[in-house]
Structure formats: structure tokens, C-alpha cells
Number of protein chains: 2
Amino acid sequence: MVSIKDVAKKAGVSISTVSYALNGSDKVTDKTTAKIMAIANELNYVPNAAARSLKRQQTRNVGIFLTDFGGNFYGDLLQGVKEDLKQKGYALVVCSGTQSHRMLPERMIDGAIILDETFSNEELLKHADRGHKLVVLDRELNHPNINQVLLDNKAGAALAMEYLLEQGHDKIYAVSGPPGSYDSMRRLHAVRTIVERNKHLEYSEIAGDFDKPGGEAAAKQIAEEYARPVAVFCLNDEMAIGLYNYITTNTSLVIGEHIHLVGFDNIELTRYVQPRLATIDYSMRKWGALASEQLLKMLSGEPVDHERIYVSLVKGASVNPL
Amino acid sequence: MVSIKDVAKKAGVSISTVSYALNGSDKVTDKTTAKIMAIANELNYVPNAAARSLKRQQTRNVGIFLTDFGGNFYGDLLQGVKEDLKQKGYALVVCSGTQSHRMLPERMIDGAIILDETFSNEELLKHADRGHKLVVLDRELNHPNINQVLLDNKAGAALAMEYLLEQGHDKIYAVSGPPGSYDSMRRLHAVRTIVERNKHLEYSEIAGDFDKPGGEAAAKQIAEEYARPVAVFCLNDEMAIGLYNYITTNTSLVIGEHIHLVGFDNIELTRYVQPRLATIDYSMRKWGALASEQLLKMLSGEPVDHERIYVSLVKGASVNPL
DNA sequence: AGTAATAATCGAAACGTTTCGATTTAGTAT
DNA sequence: ATACTAAATCGAAACGTTTCGATTATTACT
């Protein structure tokens, strides 16, 4: 492998001069710079990232940690992160699973965006204590090295509930995500607040798991208990689709008539089920872009403030007036 | 940051002994190993990846290069790669866009899996010449450092076409992907071979782009030309869905009656459109797992042979007998 | 007990950069 | 021409590991 030493030798200058030239320092004269550049090109020289990281004590990589790669969910988020990072000279390392947990301590990345409940708060705080910069998307954490960009779950849940109430529904199910999920907790909390303010509602909760099987199980229970038209707020679309499937294939109930359904996330699938699934929309791409922007600011020492991603209601024929 | 030096000092031994102990060498006595381990733990010592890579001349990272993160397409593929890699102590770096191209030359990864047409054959061959190990999923390349794990596009296209022919269809459209795409080319080639063998077919081709707009454009053209029932083979599902949407929302033609549709890839969406989209299925997860297995073998110097991913037909009501 | 063989530990070089302080070269003013 | 200043280049140390060859400690054998 050709190293800076080879370039130096061929150019007849010292290693340090080559380094300065290649990094665009104005210490070295234009003529020598040009010559060095030419030779570096000719030799196909590319600096060794490991050596550079070691010396610089920074990698110019940032990581993003996801629970898994499955689902379409993350595509746009990653796209948003990537686009923002690119022009700032940082590379993105996408990780999922146990390997993720090694990345920060081993200093393979300078900082990270976290959307992965397999990281405990303690672990994240420990990383932050050691000086790593973090942006969390799935929890609230108070630490100078941690910033958060959170979804406006409360507003989203309120939007969904109000939509159902406006349509006259008074028997309501909420299908929640895993107990530890921040998003699920925030959404559920908002739902309960609204329920408490509307004493006339007949309300119950079912624990889903933010996945299709969870939605199917909920559907089963709802179908068995069915007596009169109900409204169901699935705290994410994935479950709503699972529920949808179960209902349409295993029962004679119809969505939008007997069961009025609203989801959360506006995943692509919502557009393809009939009737269209009502849901809560927000820009994944913007979420990613904002997160990486914040992270880079932190890495360069700029002060940052917590940010919030706004949401909106997408109406659909899965909900009709009672 | 605590380094091996700190551990050595606290343990009262030399740096080299610590290194041997931590790497499980049997040169060092069990007692000292235990002591060193304990102290390393106590100090929260974690080896610096950059230093280690620099010395070892390998990173224990492998990359996977994708055209983009969008679409659900890659989720299962990545999952397959990740699972295989995990137990072998390698970490996965998922990259897309311009940054990808820097990863290999800068030696941030030891090898890569490629599914990204923005890499030219020349570029890949150059990397291989420099000693990097590559597994390509989207082209055929002959080089000792390059192995390929390809989809059986030919069989898939044949399966789809035979399905249509069995159902008695004789007017057929093929909607192709981007001209440079290997998968599109292979599929189209197989289609043409079959068309040539069946002289009675009325056959035409439309250039899509492997995306929804491409499918919509094709749909528009087909609808305008419509005279009698036709069969359409979209060379991927994405386009089939786009076509599907256009037809159902903008025309009075119905899928499975006037237009008989088959796709390729068996993406999740195919299960949610009504009628279900007939398509060609294969295991993305297995594809990923096989690719990473091959890559790791190459990295450890074992010989590998090209592999093939087999496909099967998924019937659906989007196709009916003529 | 003394020596030979073996086991355990150590010191130092090397991996490929960056960067500080020192040195050489060129430039300017007298 | 000479001295002085500024500009350009250089040498060497440092980043944190791994690993070779050398050194020291231990064990086994006569």
C-alpha cells in the first residue's frame, strides 16, 4: 500500500511537507503543492483512515443505531441523515444489533444518533460522560453531551383522537406499543388525557407490540367483543395494518363501517390498503436531517437546543362518521 | 481516555504483557491474565479501534454499498448480512452515496458487498486489484478478489412468462428497468428468448425505471393503446404497483380482468393490493447471508465459488385465465 | 546444587498520519 | 554585500496498538 512516505520520497520532500500540502496548508508554496498533488495522484495515494483517526483523535464518522433494519420505516430517515452529512465531510455508519454497542467505546465513530431501545439510558449516559456526542430520537435524557429531536407524539395522538371524536365515535380502543417504548408511552399518555376530559367515552386499551402480530391479536379481541361500531387508534401503522388484515380476512366486519381505524406514522402501506388508512404524518427525512444537523453542531462545539418534529393528520376512509 | 498504558501501569506489568493477556495469548500466566482483566474492567478500558486497525492492517469491518436507503427493499437483505456477520466478530458498515466510494481506498473496511450501480466495473476492478475482497450482487465480474452471488433472474423471468402463457395470454407487455441495470437486462433477455420461441405472441416493451413513476408511465401508455385483454410483466414489483395504481385510479380497466399483471421481487406491498399481485419470490435474507458468508471466506483466504439465489412463482389474482 | 530447557515477561520497533518547534531558504532593506 | 525578517521546509515526537526478539524467572533433570 502506498503511504505518505512514498509520496514524500518520490517528490523529494519531507513527509511533513506532503502532509501540509495535502491538507491545504498555506505554509507550503504553490509550486510544491502542485507537484505533490500530482505525484500523489499518480501513485494513487489515499490517506489511511486508521492512522489519521489515531493521530487526530477523531474519525469523522457518525453512527446511527437502529433496533433493526426491517420495515420500510427507516429508509427516509437514513436518507435525510445521509444528505445532511455528506456535504459536511462526515461518513455515516448504520448499525443495528450487538455490534452497535461497541462502536462508541472503540472510538470508531465520533458521535451517534440513537433510535434503538436496546440501548439503556445508563449506557447512553455513560457514553456521554466519556465525551461522546449523542442525539436521541426515542427518549428524553438530560446531559450536556446529549441532545434530543423528538416527535410531537402528544400533538399527534391528540389529532387522531379529536378526529375520531369529531366523527361522533364514543367507544374507543387504543392499541399500544411495547411498554418500554418512549413513543408509545407519550402517545398513550396523550390519549388518556383526552379520554379523561371526555367522560362519556367508553374506552379500553390493548397491548400490541408495534408490529403486525400485535395488531392481529388486538383485532381478534376486538372482533370477539364486538357489539356496536367502534373506533380504534393503533399507536402505529404497522399494527393498524395487522389489525386491518385480520379483520378483513377473518371476520365479516368492515373497516370504516363497523371498525373505524386510525394509525400513526403514515408508512407507505397506508396508501395501498382499501379503504385508505387514516394516520398521523410527519417527515422522516426531516427528522433525520435535523438529527444529523444537531449532531454535527455538537461535534463542532456549537450550542444546540432540543428540537421537535411536527405532525399532521391524514384523513382516510378507514374512518367515517358514526 | 484510558489506554493500554494505563492498564499496564496500574497492573505493574509491561504494555506488551497487557496486550497478550487481553488477546488471550497463552504466553501469559493465568494469574496475571486474571489480574489484568480485572484492572482493565475496573478502568473501563476498551481498545482503540483506529490504533488496532493501523497495526493489524485490517479493520474487521465490512461494508455494504446500496444505491439508496429508500424503499423497503433492503431491510431483509441487511438483516441477513448482519446476522451472519455478528457471530464472526465483524461489524457492518452500511453506506450509500458518494461517501461509499471512499471507504475502501481509505481502508475503513476490509471488504464489501456491492448492490449499487453507481460503482463502475472499472472502479470495482481497481479495488480488487489493490487487494480488497468484494462480493457483487448486481453484475458479473471476473477477478480473483471478486465473487458474485446472483439472483436467478433468468429462471424468474421464465417462471413469470410461463405463468402468463399457461393462462392463455398472447398479448404481452414487458416493462423494463433502467438500461444499465444488470437485473433488468437479465430478466429482459430471458423474456425475449421466450417470446422468440412463441411466434404467436404479440409482444412489446416499455422502458420503466424500476420505480413507481416508471410503472405509472407504462400504465398510461398501455391504457391508451388498450383494445383487448393484455398481460403485463413488470420486471419489478415497484413498477407493478405504480402501474396498478394508475390503472385503478385513472381508468376503468380492472387488474386481473383487462390487465393481467405479474411483478418481480415479492415486496411486502404485493400482499396488500387487491387483487394480490402475482410475482417472483426469493429470500432477501438468504441473499444477504450468503453474500456475507462468501465475503468472510474470501477475507480469511478460503476459496469460494459463485452462488445463485433461487426463485419461485407466487400466484395471485392479478392474473387470471384469458 | 547447578545447569539446561522452558515459560513468562519485557523493551522497542512499527503501523501511517499530524503537528510542534527547529532549521534552512528566500526576500528585503540598509 | 550584510544583516534581519519572513517564508518554506524539515525532523521528530506522538497517537495506541501488536509482535518480534531479547531478557529474566521458573521448572525439571542429573
Side-chain angles (χ1 to χ4, degrees), chain A residues 1-37 39-40 43-61 89 102-110 130-131, chain B residues 1-37 39-40 43-61 89 102-110 130-131:
Chain A
M1 249 330 34
V2 25
S3 81
I4 199 175
K5 203 184 289 182
D6 304 302
V7 179
K9 192 181 297 172
K10 182 137 188 182
V13 299
S14 76
I15 288 179
S16 38
T17 303
V18 175
S19 178
Y20 284 127
L22 258 23
N23 288 301
S25 163
D26 52 358
K27 296 179 114 181
V28 33
T29 202
D30 286 357
K31 206 182 72 185
T32 18
T33 300
K35 182 176 166 192
I36 288 173
M37 292 287 207
I39 289 178
L43 296 182
N44 274 318
Y45 168 74
V46 183
N48 179 312
R52 178 175 271 185
S53 301
L54 180 58
K55 179 63 200 183
R56 285 191 178 156
Q57 298 289 79
Q58 57 153 302
T59 63
R60 307 259 171 120
N61 293 145
R102 281 172 26 203
M103 292 269 152
L104 281 169
E106 293 185 3
R107 279 140 290 169
M108 300 217 352
I109 55 181
D110 296 338
R130 294 208 199 144
Chain B
M1 257 309 54
V2 26
S3 81
I4 199 174
K5 204 185 288 184
D6 304 303
V7 178
K9 193 182 296 172
K10 182 138 189 182
V13 298
S14 75
I15 287 178
S16 38
T17 303
V18 175
S19 178
Y20 284 127
L22 258 23
N23 288 301
S25 162
D26 51 0
K27 297 178 116 183
V28 32
T29 203
D30 286 356
K31 207 182 71 185
T32 16
T33 301
K35 181 175 165 195
I36 288 174
M37 292 287 208
I39 288 177
L43 296 183
N44 274 320
Y45 168 74
V46 183
N48 179 312
R52 178 174 270 188
S53 300
L54 180 58
K55 180 63 200 184
R56 284 191 179 158
Q57 297 289 80
Q58 56 152 302
T59 62
R60 305 259 170 120
N61 295 145
R102 279 172 27 202
M103 291 270 153
L104 281 168
E106 293 185 2
R107 279 139 291 167
M108 301 218 352
I109 55 181
D110 296 338
R130 292 207 200 147

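Treat the numbers as computed from the prediction; the structure is a model and nothing was measured.
Judged by distance alone with a 3.5 Å cut-off, a donor-acceptor contact links the side chain of B:Lys55 to the base of C:dA14. With hydrogens and angles ignored, no donor-acceptor pair closer than 3.5 Å exists between the side chain of A:Ser14 and the base of D:dG11.
Rounded to whole angstrom, the span from the NZ atom of B:Lys5 across to the C1' atom of D:dT17 amounts to 11 Å. Distance A:Gln58 CD to C:dT18 P: 11 Å, rounded to the nearest Å. Rounded to whole Å, the distance from CG on A:Asn23 to P on D:dA8 is 17 Å. The nearest whole Å value for the distance from the NZ atom in A:Lys35 to the P atom in D:dA8 is 16 Å. As rounded to whole Å, 14 Å separates atom P of D:dG16 from atom CG of B:Leu43. In this structure, NZ of A:Lys31 is placed 18 Å from P of D:dA7, rounded to the nearest angstrom. Residue A:Ile15 contributes atom CD1, which lies 17 Å from atom P of C:dC20 at whole-angstrom precision. Nucleotide D:dA14 holds its P atom 17 Å from the CG atom of B:Leu54, rounded to whole Å.
Between C:dT18 and A:Gln57, no contact under 4.0 Å exists linking OP1 or OP2 to a side-chain N or O. Note on A:Asn48: every side-chain N or O is 4.0 Å or more away from OP1 and OP2 of C:dC15. The phosphate of D:dT17 has neither OP1 nor OP2 within less than 4.0 Å of any side-chain N or O from B:Arg56. OP1 or OP2 of C:dT17 sits under 4.0 Å from a side-chain N or O of A:Tyr45. Dashed line: the shortest gap from a side-chain N or O of B:Thr32 to OP1 or OP2 of C:dT9 is under 4.0 Å.
Here the nucleotide nearest the side chain of A:Val13, chosen from D:dA8, D:dC10, D:dG21, is D:dC10. Considering only side-chain atoms of A:Tyr20, the nucleotide from C:dC10, D:dC10, D:dG16 that sits closest is D:dC10.
Note that NZ of B:Lys9 and CG of B:Asp6 are 6.5 Å apart. Values are rounded to the nearest 0.5 Å.
Within 4.0 Å of A:Ser16, counting heavy atoms only, lies at least one base atom of the nucleic acid. When heavy atoms are screened at a 4.0 angstrom cut-off, A:Ser19 is found touching base atoms of the nucleic acid. B:Asp26 comes within 4.0 angstrom of the backbone, heavy atoms only, and of no base.
With hydrogens and angles ignored, the 3.5 Å screen pairs no side-chain donor or acceptor of B:Arg52 with any backbone N or O of B:Ala50. With hydrogens and angles ignored, the 3.5 Å screen pairs a side-chain donor or acceptor of A:Thr33 with a backbone N or O of A:Thr29. The main-chain N or O of B:Ser25 is never found under 3.5 Å from a side-chain atom of B:Asn23 such that the two would form a donor-acceptor pair.
Heavy-atom nearest nucleotides on DNA chain D were determined for B:Thr17 and for B:Ala51, and the one closer to the 5' end corresponds to B:Ala51. Where B:Val46 and B:Lys27 each meet DNA chain D at their nearest nucleotide, the meeting point lying more 5' is that of B:Val46.
For A:Arg130, there are no salt bridge (charged side-chain N to carboxylate O under 4.0 Å, His left out) partners, not counting sequence neighbours.
With A:Lys10 as the fixed residue, the side chain to side chain contact (heavy atoms under 4.5 Å, CB included) test singles out one of A:Val18, A:Leu43, A:Val2: A:Leu43.
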